[in-house]
Amino acid sequence: MEYNHKKIEAKWQKVWEKEKLYSPDIKNLKKKDKFYNLWMFPYPSAEGLHAGHAFASTGSDVIGRFMRMNGKTVFQPIGYDSFGIHSENYAIKINENPKEVVKRTTKHYEEQMRSLGHGYDWTRTVTTSSEDYYKWTQWLFLKMWEKGLAYRKTAEVNFCPSCKTVLADEQVMTPKQAGKEPRSANGELIVNNEDLRVCERCGTVVERKNLDQWFFKITDYADRLLNGLDTINWSQRVVTAQREWIGKSEGMKIDFKIKDSDEIITVFTTRPDTLESVTFIATFSDELEKPEKSKEKLGKFTGKYAISPVDGRELPIWETNYVEKNYGTGFVMGVPAYDEHDMEFAKKYSLDILSNSLNDKLWDEIPKKKWGVKHTNYHLRDWLVSRQRYWGAPIPMIDCDKCGWVSVPEKDLPVTLPDIKDFKPEGNGRGPLANHEEFWKVKCPNCNGEARRETDVMDTFVDSSWYFLRYPSVGSDTSSTLLGGPRSKNASASREAAGISRLPWDNDINKNWLPVDLYFGGAEHAVLHLMYARFVNMVMYDLGLIDHEEPFPKFFAHGLMIKDGAKMSKSRGNVVNPDIYIEKYGADTLRLYVMFLGQMDGYPDFRDSGIEGMSRFLKRVYKLFTQNSISGSSLLRVASQTSRSASADLRFILNKTIKGVTEDIKLFKYNTAIAKIMEFVNELAKYEVLSTKYLVVLAQLLAPFTPHLSEEVWREILKQKGSVHTSTWPTYDEKYLHAEQVEIVVQINGKLRSQLIVKNEESKNKNKIIQLAKQDEKVAKWLVSGRIKKEVFIPGRLVNFVV
RNA sequence: GUCGGAGUGGCGAAAUUGGUAGACGCGCAGGAUUUAGGAUCCUGUGGAGUAAUCCUUGCAGGUUCGAUUCCUGUCUCCGACACCA
């Protein structure tokens with residue numbers, strides 16, 4: 001019997017779907033039994049999934065299957081982050097409407113993800129660009145507005161000249177961080193400059209523009225976002241990244257009077273204890289050249305002086321290129337003696353340098369004498385959410401000459417994104433919808449007067465900030481019931497008509513299923529999606545709409561797959577298409593291979609020769625099952641060994657393997673878990689006839705990694721009841737965890753000289769072992785020349801003679 | 001610059017209260033089978049040496065009976081933040 005992966009995989013994928021194996025009964029649940037297993041949903045790109053996605057998503061699937069076999073009710077949903085710039089940019093490139101493109105790409109993604117054999121609940125998917133989803137994204141905006149967390153202001157913002165839209169601070173990074181070659185506005189490559197700030201999506205150098213934009217007040221949540229980090233179990237590097245992005249620094253705002261004027265300027269400092277050594281005041285300048293790395297500091301004296309509140313000294317005020325306009329107050333007190341930047345500047349412009357001793361008392365004195373107040377400053381800025389693009393959720397706001405900005409009433413949602421042909425961004429500061437009067441010309445919901453609808457759409461990261469709250473309720477008729485209200489569809493429809501407040505999720509369902517038990521995803525979202533989602537979740541919590549403050553108590557940051565020494569990307573041409581390998585070797589082989597490559601949080605390099613080895617392994621495994629068709633007895637006939645007590649040996653190996661594999665999976669150490677399964681298989685292969693119990697366990701241990709093959713042998717060969725995936729994970733017995741015989745290492749001066757094979761019980765007997773060791777030929781040779789100064793004995797492990 | 005993480009065979013990697021370095025796999029070599037190739041199976045495989053033995057976890061030291069593991073210094077690579085006051 002040959003291992004026919006195509007037949008086996010297609011067969012069980014159908015059966016599982018028919019049996020609803022991965023669609024839990026969402027409403028009947030004991031909370032302690034649930035396991036909400038979430039993988040960051042992908043945006044459906046035109047190229048389709050690559051092997052890197054397979055690596056990450058399989059890592060998530062393995063733990064889901066493991067938890068299911070450990071008695072949990074597992075809910076593992078999947079969806080598409082299909083709204084936004086990433087999808088739209090591609091549509092523009094091929095000159096097609098994004099709506100049409102997304103239809104195609106999501107279909108392709110679904111086929112690919114199904115072919116990988118992941119245990120997704122396909123009855124509950126989410127597509128952020130569908131109307132029944134984005135109306136709730138708009139609803140979210142309304143909640144932000146009602147709570148005073150959405151506001152409009154003119155600010156200097158980042159503008160991508162290629163994407164022709166503004167970007168949030170988090171979406172602007174160095175080319176390296178973005179993984180892009182930097183380009184100028186006209187598309188030319190820029191070489192040798194690591195310090196540029198580019199668009200996260202396209203790598204184009206961003207411009208700064210003063211524009212009127214919509215923001216979410218995430219800074220109101222800075223402290224809670226920071227403190228919450230202590231309560232969650234996340235990969236350390238992500239916590240650190242988020243902490244640094246929030247960038248809390250505690251200090252003071254201190255006022256300085258300006259000489260011969262009523263004006264007052266305020267500086268922010270974290271070192272009020274240096275106040276007595278201030279010699280100048282520095283501020284930003286719009287004219288001076290923006291600094292680049294190691295560029296020298298420039299300054300221009302303003303002619304004005306500030307007065308030191310401590311001693312009345314006159315401090316020259318300088319415009320400089322090293323003070324940030326958008327950080328603190330825009331004014332810095334120059335303390336050359338205690339700050340290297342100030343020192344550099346002071347030296348260059350021959351400013352005074354004063355090094356009075358530090359004065360800790362100033363922390364109390366300054367507020368007392370009303371010179372200043374305690375102040376905490378954050379690096380985090382408010383989240384700029386408007387985009388001058390087409391492919392996103394229209395911002396549900398209306399601008400009325402009489403009433404000002406008025407929100408669209410909830411009952412009027414969604415504000416439907418119209419089908420238009422001219423969806424390309426123009427870069428004039430307004431989105432494509434601004435060209436469509438039929439879209440923006442509306443009556444004011446307040447006064448019924450002439451008004452204009454907002455024509456910007458929302459940032460993609462708003463779409464993805466709440467999708468995990470939606471999944472469990474998808475497909476339930478109750479998904480849009482009143483908060484705590486009756487569940488009947490009619491009742492909810494009539495209330496909907498009446499415009500009564502509703503929720504995007506079923507509250508009863510969400511109470512049971514949230515928060516997410518394990519969130520699996522890439523670390524590149526540390527300060528983007530992961531922070532936005534926490535923020536939105538906290539707002540929902542404050543509104544009393546959910547009852548958990550942190551959406552992801554546990555987050556695992558997986559690594560990134562590498563090919564030929566570089567991150568997979570289309571531009572490098574090193575993208576590995578999993579379809580080819582699934583076709584040739586099967587999903588199980590691919591899954592097992594990518595899990596075996598290296599650590600889940602590492603950077604494994606994909607190789608063709610490696611997957612062939614894995615294919616050989618699975619063929620051997622399959623053969624092991626088909627050849628050993630059931631002895632029924634627990635006795636073994638040994639094929640290639642003349643071993644003493646084969647049955648006891650195998651029992652020891654069995655228990656050791658179960659223990660090791662179980663512990664490794666819990667720690668996401670899939671590579672070593674698989675290595676242990678391989679050792680087990682190598683051991684089993686030595687026997688001609690095997691008791692079923694070993695094969696049953698083998699099928700189970702493999703099940704999270706190779707779900708199809710395991711199911712095939714479980715049901716068809718081992719004739720077990722039900723699915724292997726709902727079977728109970730094997731347990732081990734401590735009493736079988738010691739081998740009959742153990743090896744004792746004998747060292748002379750710490751160097752390995754011999755090994756003794758002894759009975760397990762004897763291995764802990766110091767006198768006996770030392771005596772045996774001394775008698776050993778190889779050891780004796782080393783002992784003749786010297787006198788034993790010391791004998792070190794580690795029970796069951798080693799003897800070391802110091803001579 | 002600051003703060004993290006890492007450096008182990010030809011390759012991907014294992015190994016932590018300090019106790020056989022290189023598990024598992026790839027690759028390679030030899031053999032069996034085959035008309036041949038492929039596939040499969042068996043054996044070997046860190047380096048040097050006929051061997052005894054010596055050397056080997058980036059480098060240099062230290063602690064210890066014993067160090068990939070702990071300490072000091074140093075180099076390299078990767079990541080986060082970066083003129084943040």
Tell me: CE of A:M614 to C1' of B:A13, nearest whole Å?
12 Å
Checking B:U20, B:A14, B:C54 against the side chain of A:R753 (C-beta onward), the nearest is B:C54
Counting heavy atoms from C-beta on, name the nucleotide in B:A23, B:A85, B:G27 closest to the side chain of A:R616.
B:G27
Heavy-atom donor-acceptor pair, A:E743 side-chain to B:U20 base, under 3.5 Å
yes
Starting at the 5' end of RNA chain B, write a dot or bracket for each base, bracketing those in Watson-Crick or G-U wobble pairs whose two distances are under 3.5 Å and using | for partners on another strand.
(((((((..(((......[....)))((((((.......))))))(((....)))..(((((..]....))))))))))))....
With sugar-phosphate meaning primed atoms plus P, OP1 and OP2, does A:K789 contact a base, only sugar-phosphate, or nothing at under 4.0 Å between heavy atoms?
nothing
Taking the six-membered ring for Trp and the full ring for Phe, Tyr or His, determine whether the centres of A:F331 and A:F268 are under 6.0 Å apart.
no
Closest of B:A14, B:U20, B:G25 to the A:N671 side chain is B:A14
Supply the atom-to-atom distance A:L756 CG to A:Q775 CD, rounded to the nearest 0.5 angstrom.
10.0 Å
Any idea which of B:G25, B:A85, B:U20 is nearest the A:F596 side chain?
B:G25
Among B:C84, B:A13, B:A23, the one nearest A:H341 by side-chain distance:
B:C84
Donor-acceptor pair under 3.5 Å, A:Q236 side chain vs B:G5 base:
no
Which of B:C83, B:A15, B:G19 is nearest the side chain of A:E324? It is B:C83
Do the side chain of A:K297 and the base of B:C83 come within less than 3.5 angstrom through a donor-acceptor pair of N or O atoms?
yes
